[in-house]
Student: 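My structure is below; once you've seen it, I'll send some questions.
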Amino acid sequence: MTSFADITTIGVGGHIARFLEPTSRVGVIEAVEDADAKGLPLCVIGGGSNMLVADEPFNGVVIRDARRRITVPDEAAPVENGERTVHINAEAGCNWDDFVAFTVELGLEGVEGLSGIPGTVGASVVQNIGAYGQEVASTVETVEVWDRKDKKTLEIAAADMGFGYRMSKLKASMYTAPATPAADFFPTPRYVVLSVTFALRHSATGTVGYGQLAKALGVEVGDRMETQTIRNAVLKVRAAKGMLEDAGRYATPAMAGTKRTDQVAIAQRAQAAQQNAASASSTPSDEREELAALTPDYNRHSCGSFFMNPILTLEAAATLPADAPRFDATLPDGTLGVKTSAAWLIDHAGFHKGFTVTADARAGLSTLHTLALTNRGGASAADVAALAKTVQDGVEQAFGVRLIPEPVVIGIDLR
């Protein structure tokens, strides 16, 4: 029997009563419709990278879209007037990093900065993923969905997706307030993604749009470089912070076949090389590489960034210490606000890299990045939740800010 521990990047969560992997568009819709008609709890899962699920059995239906096709509708269209826009359609179940690799290989610009983010194309637009100066919202043209309420397919234009910081119209349908699930649509949005059409630019170079990435590349923000070079740098920076998924998960039966074989091999070699570089062992290099490929990297056993960067009112931001990071932002009501760094708040509240609630705790902050909560081996969802609550309470006590979880949290209250 499949469990959430088998199919999530953090490796925790209870057994699933019914796990389905539809291989057709109609199959996805019918599976969703059947669960809804029977009133069963429904979870449509992507790569399992942005979820924390309770240890108790999930007595419902979990659907993982097995469709992973990418097509280029513009291939037959003539290029006119120097138009460089290229449309790419990807089915919802396509591995996100496979999609990024495909676009870079095709000589397209627009999502190279989003390399290495675990998950699927479908989940990318629900969450409006972003990193290193790019957001998926900036390249989406339309999203094809199944409307669970009106029971019909829709094509939603990007302008109507309600994209915001780690937010979309789809994600908003699951909540009545931050971290407060809606009664009708949780943990699956009202709108189930079937496919996404992106508008990318035909260019072998992209813009370096983030300071940390520019530093890694030895260039200035705004400089242009080959998209493959940018992608490689992003992957290295993410790896150094433990913010890539453990490539070894694709060797497990539950995850086999969900990612391109060549990309799995590349990720496994890169992870082994990183572990070798960090090892002071005198074991011969060939043997070290083999061992490293089989050794779990617990810093990667996480949900990614666990807490969202808070967006505060001007008054609330004024109470933060003078050295707290501050960035202009827009509040949900459209007024001016200030975004600060969740990682900075966590660290300055006394929760440093590697923090654990107890000395023998099986869940802890990453030893590389304070924003990742990790399964150090054998952790339960309850262990992760206890760590999350400890961090939330400590930050609130220190700064008056309640951190909101970024992952979808099922069966656990982390408000």
Side-chain angles (χ1 to χ4, degrees), residues 2-16 41 43 45-58 62 117-119 123 127 166 174-175 178-181 186-187 241-246 248-249 252 254-255 296-310 342-343 345-347 349-397 402-415:
T2 303
S3 72
F4 279 103
D6 298 325
I7 57 176
T8 59
T9 52
I10 197 168
V12 302
H15 289 290
I16 298 165
C43 177
I45 190 172
S49 61
N50 199 46
M51 304 185 76
L52 176 64
V53 186
D55 300 306
E56 292 72 29
F58 184 80
V62 175
I117 297 179
Q127 179 72 0
R166 302 298 178 267
M174 296 195 297
Y175 298 97
T180 304
F186 186 87
K241 297 193 295 185
M243 299 301 275
L244 294 176
E245 61 185 330
D246 192 329
R249 71 190 298 241
T252 66
M255 294 301 299
D297 182 348
Y298 292 124
N299 279 325
R300 300 184 183 210
H301 291 198
S302 75
C303 302
S305 297
F306 196 87
F307 296 109
M308 291 190 287
N309 290 325
L345 295 176
I346 291 167
D347 187 57
F351 305 106
H352 307 305
K353 298 172 185 177
F355 170 84
T356 57
V357 175
T358 62
D360 59 350
R362 293 170 293 181
L365 296 186
S366 166
T367 62
L368 301 172
H369 198 294
T370 58
L371 202 50
L373 277 61
T374 62
N375 178 353
R376 310 308 298 178
S380 66
D383 294 329
V384 178
L387 174 63
K389 290 177 181 177
T390 299
V391 171
Q392 285 176 304
D393 292 344
V395 168
E396 186 171 27
Q397 183 176 2
R402 187 71 179 178
L403 295 178
I404 303 298
E406 187 171 315
V408 176
V409 180
I410 302 173
I412 304 168
D413 189 352
L414 288 181
R415 285 176 287 179

Student: Is there a donor-acceptor pair under 3.5 Å between the side chain of S3 and the backbone N or O of H15?
Tutor: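 A pair under 3.5 Å: no.
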Student: Looking only at non-hydrogen atoms, find the nearest pair between L403 and L345 and report the distance.
Tutor: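 Taking L403 first and L345 second, the nearest heavy atoms are CD2-CD1, 4.2 Å.
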Student: Which residues satisfy the salt bridge (Lys or Arg N to Asp or Glu O under 4.0 Å) test with E56, sequence neighbours excluded?
Tutor: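 E56 satisfies salt bridge (Lys or Arg N to Asp or Glu O under 4.0 Å) with no other residue.
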Student: Nearest 0.5 angstrom please: F186 CZ to Y175 OH, how far?
Tutor: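 Output value for this atom pair is 4.5 Å.
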Student: Please name all residues satisfying ring-ring contact (aromatic ring centres under 6.0 Å, His included) with F306, sequence neighbours left out, ordered by chain then number.
Tutor: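 Testing F306 for ring-ring contact (aromatic ring centres under 6.0 Å, His included), a comparison that skips the adjacent residues, returns none.
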Student: Please lay out, stage by stage, how V62 and F4 fare under the test side chain to side chain contact (heavy atoms under 4.5 Å, CB included).
Tutor: CA-CA 9 Å; V62 175; F4 279 103; 3.5 Å; yes
Student: Does S302 reach the main-chain N or O of G304 with its side chain, forming a donor-acceptor pair under 3.5 Å?
Tutor: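 At least one qualifying donor-acceptor pair exists.
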Student: How close do G242 and L368 get, heavy atom to heavy atom, and via which atoms?
Tutor: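 In terms of heavy atoms, the two residues are closest at N-CD1, 3.7 Å.
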Student: With no hydrogens and no angle check, is any side-chain donor or acceptor of D246 less than 3.5 Å from a backbone partner on D297?
Tutor: yes
Student: Which is it for E406 and Q127 under the side chain to side chain contact (heavy atoms under 4.5 Å, CB included) test, yes or no, and what are the steps along the way?
Tutor: CA-CA 9 Å; E406 187 171 315; Q127 179 72 0; 3.0 Å; yes
Student: My understanding is that only residues two or more places apart in sequence, or in another chain, count here; which of them pass side-chain hydrogen bond (donor to acceptor under 3.5 Å, both in side chains) with T9?
Tutor: none
Student: Considering only heavy atoms from C-beta outward, does the side chain of F307 approach that of I404 to under 4.5 Å?
Tutor: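 Sidechains of I404 and F307: no contact.
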Student: Please report the shortest heavy-atom distance between P407 and S305, naming the atom on each side.
Tutor: CD-O, 4.4 Å
Student: List the residues meeting salt bridge (Lys or Arg N to Asp or Glu O under 4.0 Å) with D55, not counting sequence neighbours, and say none if there are none.
Tutor: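 D55: no salt bridge (Lys or Arg N to Asp or Glu O under 4.0 Å) contacts found.
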Student: Using a 4.5 Å cut-off on heavy atoms from C-beta on, say whether the side chain of M308 contacts that of R166.
Tutor: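 They are in side-chain contact.
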Student: State plainly whether the residues K353 and D347 are in salt-bridge range, i.e. N to O under 4.0 Å.
Tutor: no
Student: Let's go through H301 and Y298 carefully: what are the C-alpha distance in whole Å and the side-chain angles of both, what is the deciding distance for ring-ring contact (aromatic ring centres under 6.0 Å, His included) to 0.1 Å, and is it a yes or a no?
Tutor: CA-CA 5 Å; H301 291 198; Y298 292 124; 5.4 Å; yes
Student: Please identify each residue that fulfils side-chain hydrogen bond (donor to acceptor under 3.5 Å, both in side chains) with N375, with sequence neighbours left out.
Tutor: none
Student: Using side-chain heavy atoms (C-beta onward) and a distance below 4.5 Å, is L414 in contact with L52?
Tutor: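 Yes, their side chains come closer than 4.5 Å.
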Student: In Å and rounded to the nearest 0.5 Å, what is the CG to CD1 distance from L244 to I117?
Tutor: 10.0 Å
Student: Going by side chain to side chain donor-acceptor pair (under 3.5 Å), name the pairs with one or both residues in residues 383-392, residues two or more places apart or in two chains.
Tutor: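 Those involving residues 383-392 are R362-D383, S380-D383.
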Student: Please name the pair of heavy atoms, one in C303 and one in I10, separated by the smallest distance, quoted to 0.1 Å.
Tutor: SG-CD1, 3.8 Å
Student: Which heavy atom of M255 sits nearest to which heavy atom of I7, and what is that distance?
Tutor: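 For M255 and I7, the tightest heavy-atom pair comes out as SD-CA, 4.0 Å.
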Student: With the side chain counted from C-beta on, respond yes when N299 and R376 share a heavy-atom pair under 4.5 Å apart, and no when they do not.
Tutor: yes
Student: Locate the shortest heavy-atom distance separating P405 from V409; write the atom from each residue and the value.
Tutor: CB-CG2, 4.1 Å
Student: Quick one: CZ on F351 to OG1 on T356, what's the gap to the nearest 0.5 Å?
Tutor: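 Answer rounded to 0.5 Å: 11.5 Å.
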Student: Are C43 and I410 close enough, and set up right, to give a side chain to side chain contact (heavy atoms under 4.5 Å, CB included), and what steps lead you there?
Tutor: CA-CA 10 Å; C43 177; I410 302 173; 4.2 Å; yes
Student: So, are R402 and E396 salt-bridged, with charged N and O less than 4.0 Å apart?
Tutor: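 Salt bridge: yes.
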